[in-house]
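A note on names: the letters A, B, ... follow the listed sequences, proteins ahead of strands, and every chain is numbered from 1. Model, not experiment: these values are computed from the prediction.
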Amino acid sequence: MGEPGRDVVEELCRAGVVRGDLVGLAVAPGVGLGMATTTGKMSVARSIEDLSVVVRLVEDALRPRWVLWSNDTAATLLRAGVQIATCWDIAAVHRLLFGRWRADPALVWAQLQHLALGTIPTAAPADLFGDVGRGDGDPDDPIRPDGHLRPEWSDGGWCATPERLRRWAELAARVAVLQQARLGELGDGPRVASTARSESAAELLCVEMSVDGLPVDRAVAEGIIAGFIGRRPRTEAEAAYQRARRDAEVLRHAPPGVEVDLRSPGQVKSLLSRIGVEVPDTRAWRLRTLQEAHPLIEALLVWRKAERVATTFGYGWLDEHLGADGRLRGVWTGSDGAAGRMTASGGLHNMPAEMRGAVVAEPGHAFVRADLGQIEPRVLAAISRDNQLARATAEDDMYAPVAAQLGVDRATAKVAMLGAMYGQTTGHGLRALRRLEAAYPVAMRHLADAARSGQAGRDLRTYGGRLIILGPVNTAEVGTHEDRGAAAARGRYGRNALVQGAAAELFKTWAATVRARGTRLAARIVLCLHDELLVHVPIEHSDAVARLLDDCLQEAGHRWVPDDSVRFVADIGVFERWSDAKQEVRPNRDPDIS
DNA sequence: TGCGGCTATTG
DNA sequence: CACAATAGCCGCAG
């Protein structure tokens, strides 16, 4: 009798499992684990406290592609101290194949088995007669006689016993094979399969980022907040006083005696009217154009900024999301319900730029930051297979050749290109837009086709195979004014979803490659921001990781566009704090220039 | 109490 | 104010 779990490794070897093969896995702390091959040749149940021992042994010896029902399993493993290298995330692949957010086992199974979705059973509130399973098949079989998953299993019953864990792992392995078959039916086989793998890796990354957190220096963060709203209030009364003082700074510019709640847009609008400023709304960009009209307006804009910090990114935010270990944590999601970009809660994705000064590498560490340059037009060239546009991607700044081609200046070319991808129909860029159609007809037709599908409520698939659900179209209002507006909105959505979705897929392929290759350099991805990666590394490896980030981009790009006709570029640098990666400090947004 | 509207922040 | 997201507060309906 050797090390516990060694027998499992031997059994897997005997079953013919080699590195990278799918192996179903189900774990439950305190219960045990189940493991199963896709061939059905081998499955085991283990009743153990420390399930991490067995998983780690198999991981080190065979490094399988673990089939998980969702990244909850990866989170359980990580909490138990085991980080797995690769997986097949059934929920993530389901979202890719079928769109929408819901991806619980019952739905996954029903869609793969072509069962009517309306017949998916829901868990009985508690069996009235206490005869669970009578006349209903074997309660220890996850599948009911009618073909559906047993709801009491999907609702948590799968982890009741080690034997159930084994069968749950067997079913996971079987589901992965069914998913692979479905992906194969989509056409672009290799690329879609590759997307499924990188989407799965992104789920592992999300779990790791949620657990690791982003390094933030609390003292620096509090200093930045104090610069906007003052010292941390000690009491509720002090907080109220600070709030009143901020309000007074604005109201002293108002006619005497007015009572206005600055937090109410309607009341602010009335206030502006009182001082002779009529506006349809009170958004900052509009007020900024009227800043000269009255001193109250500038005071109001300053107030708005402070109010944002006070309510959303202030001391309360730190208390809620910044741990004692100096890590800011939010929940990461591998793909939103729409085009498939990653999302994060806890303000990680919309932190005001001023706060980036508090994102500081830990002692002995540095950040390697990289952001993709002009990712959307480059992706458009790839997904539309527009050779002319692809040629432009050879340049570091692809808007330069596009501008030359159109006979307009760079800024106009850029606005026109973005307008084409977002579905802009108004404004001054329309002439340039028509030139764009003439110069790059393949790409523009690709966008127009997507827009037409969207308008009609027809679903779309991204370059990597993600189903973009449109509709349902409200048939009651077809032809009405509201419907034309809604149809136009769906058109813009469909047009953009193919670009944004494909960009998200390329980004995740890149991130997954960095995650895998960076392990030996102890590099940890701590932030993903749509086209930007922030990697926390031991300082002695920072240059190597910087090179790695570009290598991985080229590798991801090649896997994505095998003929290498489209070039992808990244701006890469090593920094102690995030804010040191200057995005070009410009008075008013829009960096670009890679 | 829930939800749509408005606002601000990010890519 | 074109595409996407998270998040807070206000005002109103139930």
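- At a cut-off of 3.5 angstrom, the base of B:dT10 holds no donor-acceptor pair with the side chain of A:Asn350.
- Considering only side-chain N and O atoms, A:Ser264 lies under 4.0 angstrom from the phosphate OP1 or OP2 of C:dG11.
- Atom CG of A:Asp531 and atom C1' of C:dC3 are 14 Å apart (whole Å).
- Rounded to whole Å, atom C1' of B:dG11 lies 11 Å from atom CG of A:Leu527.
- OP1 or OP2 of B:dT9 sits under 4.0 Å from a side-chain N or O of A:Lys305.
- With rounding to whole Å, A:Phe313 atom CZ is found 13 Å from C:dT6 atom P.
- For the pair A:Leu460 CG and C:dC3 P, the interatomic distance rounds to 16 Å; values are reported in whole Å.
- Considering only heavy atoms from C-beta on, A:Leu296 comes within 4.5 Å of A:Leu271 through its side chain.
- Considering only side-chain N and O atoms, A:Arg492 lies nowhere under 4.0 angstrom from the phosphate OP1 or OP2 of C:dA2.
- With C:dT6, B:dA8, C:dC9 as the choices, the nucleotide that has an atom nearest any side-chain atom of A:Arg263 turns out to be C:dC9.
- Contacts of A:Arg495 with the nucleic acid, taken as non-hydrogen atoms under 4.0 Å apart, are absent.
- Checked against a 6.0 Å centroid threshold, the rings of A:Tyr463 and A:Trp560 count as neighbours.
- For B:dA8, its base never sits under 3.5 Å from the side chain of A:Arg304 at any donor and acceptor pair.
- In this structure, the ring of A:Trp332 has its center less than 6.0 angstrom from the ring center of A:His349.
- In this structure, the nucleotide among B:dT10, C:dA7, C:dA4 sitting nearest to the side chain of A:Ser345 is C:dA7.
- At whole-Å resolution of the value, CZ in A:Arg283 and P in B:dG5 are 12 Å apart.
- On the P atoms, C:dC1 is 16 Å away from B:dG5, given to the nearest whole Å.
- Taking atom CE of residue A:Met421 and atom P of nucleotide C:dC1, one finds them 21 Å apart after rounding to whole Å.
- A:Glu555 places no side-chain N or O within donor-acceptor distance of the main-chain N or O of A:Asp551, the cut-off being under 3.5 Å.
- The side chain of A:Thr312 lies closest to C:dA7, out of C:dA7, B:dG11, C:dT6.
- Atom CH2 in A:Trp303 sits roughly 11 Å away from atom P in C:dC9 (whole-Å rounding).
- Side-chain proximity of A:Tyr493 to C:dC3, C:dA2, B:dG11: nearest is C:dC3.
- When distances run from any side-chain atom of A:Gln267 to the nucleotides C:dG11, B:dT7, C:dA4, the shortest one goes to C:dG11.
- Rounded to an integer number of Å, the gap from CG of A:Leu301 to C1' of B:dT9 is 15 Å.
- Looking at A:Thr282 and A:Arg304, their side chains do bring a donor and an acceptor atom within 3.5 Å of each other.
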